[in-house]
Engineer: 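Pasting a structure here, questions to come.
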Amino acid sequence: MSDAVRDIAPILELRGVARHYREGEARLDILIDADFTLAPGETVALIAPSGAGKSTLLHLAGLLEKPDAGEVFIDDRPTSTMSDDERTRLRRVAIGFVYQFHHLLPEFTALENVMLPQTILGLDKREAAKRAQALLEYLRIGARAGHRPSELSGGEQQRVAIARAVANAPNVLLADEPTGNLDPRTAEHVFATLLSLARNSGLAVLVATHNLELADQMDRRVTLRDGRILELD
């Protein structure tokens with residue numbers, strides 16, 4: 001991590017976080033006293049074997065789950081005592097999600113899919129359409145705005161998913177294997193687009209990935225081991 005990034009207050013912080021699940025009588029500890037920080041504009045790759053807890057970590061960071069112990073801070077705000085409605089509101093404005101599968105709504109066009117999170121927050125449809133088109137143009141798929149997901153390539157679908165995830169200008173983008181379904185060339189292009197967006201907008205990005213070549217392009221790499229988050233060289 002650069003000295004400049006170290007001096008910036010984190011936009012996302014996990015402090016002493018623990019998470020476990022029950023399997024019958026047994027208790028499965030996924031995270032144990034885990035600490036993690038993510039600064040504005042920083043890109044971090046999360047590399048760990050399947051079953052190590054990557055999705056759990058992303059769910060906790062994205063306020064989709066609550067930790068059993070410890071605290072998750074978003075922009076220095078503790079979230080564990082928030083009501084479900086407060087967490088939902090914060091998640092909608094502060095956090096974007098991209099998954100391995102695009103999860104676009106098939107009956108809507110690319111433009112309409114990107115408009116949707118904006119209109120849910122009450123933005124006027126004309127303004128939402130303008131912002132959605134600008135995002136699609138930035139991601140070099142503006143010409144495909146009127147096409148439905150089934151009419152788009154895999155790479156185009158993922159770029160629309162990225163546009164939708166950042167439509168409300170979140171502070172943090174969490175991505176779970178966002179290029180896992182793409183061929184290497186398309187994955188590289190989508191990943192480059194994602195990093196460019198982060199570096200030009202100040203968006204903080206945490207990506208779970210098995211692709212070491214893509215991970216090496218990010219500012220930091222971390223892993224999960226024995227329930228803790230560790231830095232990789």
Side-chain angles (χ1 to χ4, degrees), residues 1-21 28-48 52-99 117 120-121 162 164-178 194-195 197-209 215 218-232:
M1 187 192 310
S2 69
D3 291 337
V5 170
R6 289 180 189 277
D7 293 337
I8 300 174
I11 193 67
L12 167 68
E13 181 178 6
L14 277 65
R15 191 182 300 170
V17 165
R19 188 74 172 105
H20 65 262
Y21 301 101
L28 183 61
D29 290 306
I30 304 299
L31 295 175
I32 306 170
D33 196 28
D35 296 319
F36 175 75
T37 61
L38 183 65
E42 186 180 27
T43 60
V44 177
L46 172 60
I47 306 166
K54 298 190 298 298
S55 294
T56 296
L57 174 57
L58 291 176
H59 288 172
L60 290 167
L63 308 185
L64 295 171
E65 296 183 27
K66 289 185 178 182
D68 296 305
E71 185 61 89
V72 177
F73 296 87
I74 301 293
D75 200 13
D76 209 31
R77 297 172 60 187
T79 61
S80 64
T81 59
M82 290 181 176
S83 68
D84 288 342
D85 286 345
E86 288 174 323
R87 289 165 63 87
T88 297
R89 283 195 295 271
L90 180 59
R91 187 167 58 245
R92 284 177 176 169
V93 299
I95 304 168
F97 296 89
V98 180
Y99 299 97
I120 288 174
L121 285 186
I162 291 170
R164 180 185 57 186
V166 300
N168 286 329
N171 305 116
V172 177
L173 181 67
L174 304 174
D176 195 353
E177 296 288 351
L194 180 59
L195 294 185
L197 180 65
R199 288 162 183 164
N200 289 330
S201 67
L203 180 68
V205 178
L206 174 62
V207 178
T209 182
M218 306 186 77
D219 297 324
R220 283 195 292 140
R221 300 184 306 157
V222 298
T223 191
L224 288 167
R225 190 174 301 146
D226 299 326
R228 289 176 173 81
I229 303 168
L230 303 176
E231 296 281 338
L232 291 172

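None of the values given here were measured: they were computed from a predicted structure.
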Engineer: Would you indicate whether the side-chain heavy atoms of Leu230 and Val222 approach each other to under 4.5 Å?
Structural biologist: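 In short, these two side chains do not touch, never coming nearer than 4.5 Å.
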Engineer: Which distance, rounded to the nearest 0.5 Å, do you find between the CG of Leu12 and the CG of Asp76?
Structural biologist: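 Output value for this atom pair is 11.5 Å.
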Engineer: Report the C-alpha separation of Thr209 and Leu46 in whole Å, then their side-chain angles, then the decisive distance to 0.1 Å, and conclude whether the side chain to side chain contact (heavy atoms under 4.5 Å, CB included) test is met.
Structural biologist: CA-CA 6 Å; Thr209 182; Leu46 172 60; over 6 Å; no
Engineer: So, taking the atom named CG in Leu58 and the one named OH in Tyr99, what distance separates them when rounded to the nearest 0.5 Å?
Structural biologist: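 Leu58 atom CG to Tyr99 atom OH measures 8.5 Å (nearest 0.5 Å).
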Engineer: Decide yes or no for Leu28 and His20: does some side-chain heavy atom of the first lie under 4.5 Å from some side-chain heavy atom of the second?
Structural biologist: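 No, every pair of side-chain atoms sits at 4.5 Å or beyond.
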Engineer: Could you report the tightest heavy-atom contact between Ala208 and Pro178, atom names first, then the distance?
Structural biologist: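 In this case the closest contact between Ala208 and Pro178 is O-CD, 3.9 Å.
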Engineer: Measuring from Glu42:CD to Ile11:CD1, what's the distance to the nearest 0.5 Å?
Structural biologist: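 Going from CD on Glu42 over to CD1 on Ile11, the span is 12.0 Å.
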Engineer: Mind running side chain to side chain contact (heavy atoms under 4.5 Å, CB included) on Val207 and Met218 for me, showing each step along the way?
Structural biologist: CA-CA 9 Å; Val207 178; Met218 306 186 77; 3.8 Å; yes
Engineer: Let me check something: any side-chain donor-acceptor pairs from residues 164-171 under 3.5 Å, sequence neighbours excluded? List them with distances.
Structural biologist:
{"residue": "Arg164", "atom": "NH1", "partner": "His103", "partner atom": "O", "Å": "2.8"}
{"residue": "Arg164", "atom": "NH2", "partner": "His102", "partner atom": "O", "Å": "2.7"}
{"residue": "Asn168", "atom": "ND2", "partner": "Pro117", "partner atom": "O", "Å": "3.1"}

Engineer: Kindly check if the number of other-residue, nucleotide or ligand heavy atoms within 6.0 Å of CZ (Arg225) is above 12?
Structural biologist: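 For Arg225, atom CZ is not crowded (no more than 12 foreign heavy atoms under 6.0 Å).
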Engineer: Got a donor-acceptor contact below 3.5 angstrom from the Asp219 side chain to the Thr43 backbone?
Structural biologist: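 The answer is yes, because a donor-acceptor pair under 3.5 Å joins these two groups.
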Engineer: Find the distance between CD (Glu177) and NZ (Lys54) and round it off to the nearest 0.5 Å.
Structural biologist: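 Between Glu177 CD and Lys54 NZ, I get 6.0 Å after rounding to 0.5 Å.
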Engineer: Looking only at heavy atoms, which two atoms of Ala61 and Ile74 are closest? And how far apart?
Structural biologist: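 The pair with the smallest heavy-atom distance is O-CD1, 3.9 Å.
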Engineer: With the side chain counted from C-beta on, respond yes when Asp176 and Val98 share a heavy-atom pair under 4.5 Å apart, and no when they do not.
Structural biologist: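 Result no, sub-4.5 Å side-chain heavy-atom pair not found.
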Engineer: Stepwise, does the side chain to side chain contact (heavy atoms under 4.5 Å, CB included) test hold for Arg92 with Thr88?
Structural biologist: CA-CA 6 Å; Arg92 284 177 176 169; Thr88 297; 3.8 Å; yes
Engineer: For residues Ala215 and Ile47, report the shortest heavy-atom separation together with the two atoms involved.
Structural biologist: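 In this case the closest contact between Ala215 and Ile47 is CB-CD1, 3.6 Å.
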Engineer: Quick one: are Val205 and Val172 in side-chain contact, heavy atoms under 4.5 Å?
Structural biologist: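 No, side chains not in contact.
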Engineer: Are the side chains of Pro10 and Leu38 in touch, meaning some heavy atoms are under 4.5 Å apart?
Structural biologist: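 A side-chain contact under 4.5 Å is absent here.
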Engineer: Can you check whether Thr223 reaches Ile229 side chain to side chain, under 4.5 Å on heavy atoms?
Structural biologist: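 The answer is no; the side chains never approach within 4.5 Å.
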Engineer: Looking at residues at least two apart in the chain, or sitting in another chain, which of them share a side-chain hydrogen bond (donor to acceptor under 3.5 Å, both in side chains) with Ser80?
Structural biologist: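 Applying side-chain hydrogen bond (donor to acceptor under 3.5 Å, both in side chains) to Ser80 gives Glu71.
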Engineer: For the atom pair CG (Leu60) and OG (Ser55), what is the distance rounded to the nearest 0.5 Å?
Structural biologist: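 Output value for this atom pair is 11.0 Å.
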Engineer: First locate atom CZ of Phe36, then atom CZ of Arg15, and finally report the distance between them rounded to the nearest 0.5 Å.
Structural biologist: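 The distance works out to 14.0 Å.
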Engineer: Can you tell me if Asn200 has over 12 outside heavy atoms packed within less than 6.0 Å of its CG?
Structural biologist: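 More than 12 heavy atoms, drawn from other residues, nucleotides or ligands, come within 6.0 Å of this atom.
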Engineer: Would you say that Lys66 contacts Arg87 through its side chain, given a criterion of any heavy-atom pair below 4.5 Å between the two side chains?
Structural biologist: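 A side-chain contact under 4.5 Å exists here.
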Engineer: Could you check Thr79 against Leu90 for side chain to side chain contact (heavy atoms under 4.5 Å, CB included), going step by step and ending with a plain yes or no?
Structural biologist: CA-CA 9 Å; Thr79 61; Leu90 180 59; 4.0 Å; yes
Engineer: Are any non-hydrogen side-chain atoms of Leu64 and Arg91 less than 4.5 angstrom apart?
Structural biologist: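 A side-chain contact under 4.5 Å exists here.
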Engineer: Is the count of non-hydrogen atoms from other residues, nucleotides or ligands lying under 6.0 Å from Arg77 atom CZ greater than 12?
Structural biologist: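 No - once you tally the heavy atoms of other residues, nucleotides and ligands closer than 6.0 Å, there are 12 at most.
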Engineer: How close do Ala204 and Ala39 get, heavy atom to heavy atom, and via which atoms?
Structural biologist: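 What the structure gives for the nearest pair is CB-O, 3.3 Å.
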